[in-house]
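One-based numbering, in listed order, for ligands and for the atoms of each.
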Amino acid sequence: MRNDLECTLFDEDVILSRLDQLAATITDDYRGKPLTVLAILHGSLVFMADLLRRIPLPLQLSCVQAASYGNATVSSGVVQLGQLERELLDGRHVLLLDDILDSGLTLASVIEAVTNKAEPASVRACVLLAKRKLREQEVSADYIAFEIGDEFVVGYGLDYGGHYRNLPCIGILKNEVLAAATLGE
Ligand code: 5GP
Ligand code: MG
């Protein structure tokens, strides 16, 4: 899989030491508060597993399915959301986790659903990556591990057509890999 990368942006050790810092900040901010982490599937799974084990607080974990990308590298513009577990959100401080903030549509849809369908004490968002770009939806994340340019990345939970989620680093695919996949090879 690594051979399919044009370049590596963040190696595993860089990611994990950044997560140490991020987790320490989150731990300070949520100490003594009833916390529910709401992970947006599937992209946040690897990030979630490493981040949560660095937060030594009592917390509840809930997940919601969200899909806006098909096999393409650009957003479809439509976000499909799965069921929310209301009992884990009402009266609690909700921290959304997503892999990447791109157009903002996914995060905006989940925040809207959480605030419309439940009564959380607060809602904040934490993302592994945020692209530096103008967003279609004005939404920002309260915690960001890394900012990147407006480029399509894979690895550490992020997929291309369902592949590369298990790559331990984050990188950019070679053009020929993207072209071959587009042709269905
Ligand atoms: P948004 O709704 O902000 O446009 O995008 C959020 C979702 O689109 C992410 O959770 C992720 O699944 C997907 N996405 C956006 N940018 C990228 C990218 O550069 N690489 C990958 N693999 N997925 C992306
Ligand atoms: Mg995805």
Response to the item:
One finds that the ligand 1 atoms under 4.0 Å from a non-hydrogen atom of Leu105 are 2 (O), 3 (O)
Fill in: Ligand-side contact atoms (ligand 1) for residue partner Thr106, heavy atom cut-off under 4.0 Å
1 (P), 2 (O), 5 (O), 6 (C), 7 (C)
Response to the item:
Note: ligand 1 atoms sitting under 4.0 Å from heavy atoms of Asp159 are 21 (C), 22 (N)
Fill in: Under 3.5 Å: N/O of Gly104 near N/O of ligand 1
yes
Discussion item. Quick one: does any side-chain atom of Ser62 pair with a main-chain N or O of Leu88 as donor and acceptor, under 3.5 Å?
Written reply: no
Worksheet item: What part of Asp99 sits under 4.0 Å from ligand 1 if we count only heavy atoms: the side chain, the backbone, both or neither?
Response: side chain
Worksheet, complete the sentence: Checking Val177, Ile170, Leu5 against Val154 for side-chain contact (heavy atoms from CB on, under 4.5 Å), the one that qualifies is Leu5
Item to complete: Check Asp98 against ligand 1 and report side chain, backbone, both or neither, counting heavy atoms closer than 4.0 Å.
Response: side chain
Discussion item. Under 4.0 Å, counting heavy atoms only: does Ser103 come that close to any atom of ligand 1?
Written reply: yes
Discussion item. Check for me whether the distance between the ring centres of Phe10 and Phe146 falls short of 6.0 Å.
Written reply: yes
Item to complete: Mind checking side-chain hydrogen bond (donor to acceptor under 3.5 Å, both in side chains) for Arg135 and listing every partner two or more places apart, or none if nothing turns up?
Response: none
Item to complete: Go through the steps to decide whether Lys174 and Glu6 satisfy the test salt bridge (Lys or Arg N to Asp or Glu O under 4.0 Å), and finish with yes or no.
Response: CA-CA 4 Å; Lys174 287 178 181 161; Glu6 179 67 45; over 6 Å; no
Worksheet item: Below 3.5 angstrom, do we get any N/O pair linking Val153 and ligand 1?
Response: yes
Discussion item. So for Phe152, does at least one of its heavy atoms come nearer than 4.0 angstrom to any atom of ligand 1?
Written reply: yes
Discussion item. Could you check whether any heavy atom of Lys131 sits closer than 4.0 Å to an atom of ligand 1, since that is the contact criterion I want to use?
Written reply: yes
Item to complete: Could you tell me which non-hydrogen atom of Asp102 sits nearest to which non-hydrogen atom of Lys133, and how far apart they are?
Response: OD1-NZ, 2.6 Å
Which pairs would a plain distance check flag for residues 115-130, meaning a side-chain donor or acceptor within less than 3.5 Å of a matching protein atom at least two apart in sequence or in another chain?
unit_1, atom_1, unit_2, atom_2, d
Thr115, OG1, Ile111, O, 2.8
Thr115, OG1, Glu112, O, 3.2
Asn116, ND2, Glu112, O, 3.4
Ser122, OG, His93, ND1, 2.7
Arg124, NH1, Tyr143, OH, 2.8

Discussion item. Strictly distance-based, threshold 3.5 Å: is any side-chain N or O of Lys131 a donor or acceptor partner for the main-chain N or O of Ile100?
Written reply: no
Worksheet item: With a 4.0 Å cut-off on heavy atoms, does Glu151 reach ligand 1?
Response: yes
